[in-house]
*Asks:* 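Okay, handing you the structure first.
None of these values were measured; they are calculated from a predicted model.
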Amino acid sequence: MSISELSEQEILRRESLKNLKNMGIDPYPAAEYVVNAYSTDIKSEFKDDAPQREVTVAGRIMTRRIMGKASFMELQDSKGRIQIYISRDEICPGENKDMYNVVFKKLLDIGDFIGIKGYVFRTQMGEISVHASEITVLSKSLRPLPIVKYKDGVAYDSFDDPELRYRQRYVDLVVNEGVKEVFLKRARIIKSLRDQLDEAGYTEVETPILQSLAGGAAARPFITHHNTLDVDLYLRIATELYLKRLIVGGFEGVYEIGKNFRNEGMDKTHNPEFTCMELYVQYKDYNWMMNFTEKLLERICLDVNGSYETTIGDNVISFKAPFKRISILDSIKEKTGYDLEGKSEEEIRAICKTLKLEVDETMGKGKMIDEIFGEFCEGSYIQPTFITDYPVEMSPLTKMHRSKEGLTERFELMVNGKELANAYSELNDPIDQMERFQEQLRLSEKGDDEAMFIDHDFVRALEYGMPPTSGIGIGIDRLVMLMTGKTTIQEVLFFPQMRPEKKAKASEEQESDENE
């Protein structure tokens with residue numbers, strides 16, 4: 001970047017950097033800086049009548065005030081903020097004026113990292129602070145942080161544009177209160193989930209991300225190419241088929257918390273790269289899995305929020321078991337008045353047209369039923385609700401229902417109007433599975449680009465025998481949204497997928513021109 005492209009602030013910071021170096025101060029030292037205290041702990045442990053406590057803290061300068069021979073800074077470390085008091089006479093003994101120039105001639109800027117050795121005390125204004133006896137420059141910041149300033153009750157320089165926040169999450173985490181807490185909660189949610197699965201005796205495993213076939217879900221995959229093998233490979237859309245191979249191999253229960261990739265649209269609840277937990281347990285069915293899921297989510301909510309409830313907008317959602325259960329066809333009948341049980345593909349197509357849904361010849365019964373449910377039913381389920389017993393056309397990997405012809409033993413869990421989990425009594429009949437794959441192939445030939453491939457090796461694994469098994473997939477990103485009260489998936493991903501920066505700017509300029 002040339003000097004002509006720099007802002008005035010950036011030029012001044014580079015001059016400060018140069019001055020520090022001329023004084024013999026390394027603005028980016030390599031040596032370890034040993035910290036023995038954190039802001040929140042210092043405040044919570046302070047007692048006025050206790051002996052003086054010596055501490056070493058480090059962090060980023062967030063505010064700075066020079067008042068004659070004294071300077072006050074607010075330091076932000078990994079846990080919070082604490083005030084630093086610096087006396088000119090104490091840090092500049094004798095003729096050594098280096099630290100005086102650093103602190104009082106403003107060679108330090110907001111955003112710089114420094115280390116402070118000193119003791120804890122309470123100021124006359126009652127604020128617990130650290131009285132500095134030694135200052136170490138740890139890292140010089142060359143760009144000014146967008147620190148919010150207030151004047152006459154109006155906030156200026158707020159870093160609140162979503163496009164910038166998601167693109168520059170490193171700035172968002174520093175300057176916007178509460179953002180870091182969302183991601184700390186995310187870590188606690190995953191820990192609670194993992195703890196429960198481990199306590200149940202299930203084994204965490206890893207399966208391939210690069211796969212020769214994209215299987216386990218109805219979705220459009222990302223395609224890449226392996227140069228050495230000269231073959232196309234797919235980024236996985238689900239972990240299901242590999243995890244079930246491990247059940248064939250003799251594991252009682254296996255789970256994976258990992259990334260899946262789907263080459264589809266982006267919106268408030270979808271990102272092309274997302275995190276999912278999938279679990280498979282032998283000798284279980286979808287009824288058992290519903291009960292297990294209730295307990296799983298109940299405890300996660302309690303562990304993370306301290307209660308069985310979470311709030312999203314105006315909705316207070318309770319994860320206290322039991323959850324409501326209703327079949328997908330009963331749900332559609334309840335919301336639209338149409339009974340789809342036993343209806344042919346053409347009859348359902350006619351109903352879709354009556355309901356003013358856009359359908360085409362590439363869509364089979366399953367896709368059309370899914371369209372009706374998505375349009376008229378899904379959004380109405382705010383409290384956790386199991387939608388059960390899906391038609392076979394919608395469920396190519398699911399065991400046929402034991403008592404309801406044409407249906408399968410499958411459920412989806414709806415919360416706050418969106419799917420959170422998908423689960424089955426897993427299909428373990430290899431002949432039936434092959435026929436389902438062949439039906440998916442026919443849908444693909446009709447133009448359905450989300451239909452599944454035939455996975456011959458998976459069928460071969462089933463031919464060796466897979467015990468009765470139940471499996472579930474839970475979307476971690478949506479679970480975090482629910483537990484943190486966020487309404488967009490971008491708020492719970494550190495680095496959500498974004499348009500390339502130049503294209504984003506061009507699009508914004510075009511929109512601006514059109515608005516004018």
*Asks:* Please list, chain by chain and in numerical order, all residues satisfying ring-ring contact (aromatic ring centres under 6.0 Å, His included) with Tyr38, sequence neighbours excluded.
*Replies:*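 Partners of Tyr38 by the ring-ring contact (aromatic ring centres under 6.0 Å, His included) criterion come out as none, since no residue qualifies.
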
*Asks:* Distance-only, no hydrogens or angles: does the Glu378 side chain make a donor-acceptor pair with backbone N or O of Met414 under 3.5 Å?
*Replies:*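 No, Glu378 side chain to Met414 backbone: no donor-acceptor pair under 3.5 Å.
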
*Asks:* Does this structure show an ion pair linking Lys244 with Glu240, if we count only N-O contacts that are shorter than 4.0 Å?
*Replies:*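 Yes, Lys244 and Glu240 are salt-bridged.
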
*Asks:* Considering the options Val205, Val254, Thr207, which one meets the side chain to side chain contact (heavy atoms under 4.5 Å, CB included) requirement together with Tyr242?
*Replies:*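 It is Thr207; the other options fail the test.
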
*Asks:* Kindly confirm or rule out a cation-pi arrangement of Lys320 over Tyr308, judged by NZ or CZ under 6.0 Å from the six-membered ring centre and within 45° of its axis?
*Replies:*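 Lys320 over Tyr308 ring: yes.
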
*Asks:* Listing request: all salt bridge (charged side-chain N to carboxylate O under 4.0 Å, His left out) pairs with a residue in residues 263-276, at least two apart in sequence or in separate chains.
*Replies:*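 Non-adjacent pairs meeting salt bridge (charged side-chain N to carboxylate O under 4.0 Å, His left out): Lys259-Glu273.
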
*Asks:* State whether Glu412 and Arg410 are salt-bridged, where the test is any N-O pair (Lys NZ or Arg NE/NH1/NH2 against Asp/Glu carboxylate O) under 4.0 Å.
*Replies:*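 Salt bridge between Glu412 and Arg410, a charged N being under 4.0 Å from a carboxylate O: yes.
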
*Asks:* Which atom pairs, donor and acceptor, lie under 3.5 Å between side-chain atoms of residues 210-221 and protein residues at least two apart or in another chain?
*Replies:*
unit_1: Gln211; atom_1: NE2; unit_2: Pro208; atom_2: O; d: 3.0
unit_1: Arg220; atom_1: NE; unit_2: Asp449; atom_2: OD2; d: 3.3
unit_1: Arg220; atom_1: NH2; unit_2: Asp449; atom_2: OD2; d: 2.4

*Asks:* What is the minimum heavy-atom distance between Ser380 and Lys335, and which atoms define it?
*Replies:*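 Distance-wise, the nearest heavy atoms are OG-CE, 3.3 Å.
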
*Asks:* What's the separation between atom CG in Asn416 and atom CD in Glu419, rounded to the nearest 0.5 Å?
*Replies:*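 Asn416 atom CG to Glu419 atom CD measures 14.0 Å (nearest 0.5 Å).
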
*Asks:* For the side chain to side chain contact (heavy atoms under 4.5 Å, CB included) test, which of Val171, Leu164, Asn176 pairs with Pro146?
*Replies:*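 For Pro146, the side chain to side chain contact (heavy atoms under 4.5 Å, CB included) test succeeds with only one of Val171, Leu164, Asn176, which is Val171.
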
*Asks:* Of all the heavy-atom pairs spanning Asp360 and Arg349, show the shortest one and how long it is.
*Replies:*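 Residues Asp360 and Arg349, closest heavy atoms: O-NH1, 2.7 Å.
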
*Asks:* First locate atom CG of Asn263, then atom CD1 of Ile223, and finally report the distance between them rounded to the nearest 0.5 Å.
*Replies:*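 Spacing of CG (Asn263) from CD1 (Ile223) equals 8.0 Å.
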
*Asks:* Quick check on side chain to side chain contact (heavy atoms under 4.5 Å, CB included): which of Val492, Leu297, Val415 does Leu482 satisfy it with?
*Replies:*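 Of the listed options, the one satisfying the test is Val415.
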
*Asks:* Are Lys367 and Glu393 ion-paired here, with the side-chain N under 4.0 Å from a carboxylate O?
*Replies:*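 A salt bridge is absent here (no side-chain N lies under 4.0 Å from a carboxylate O).
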
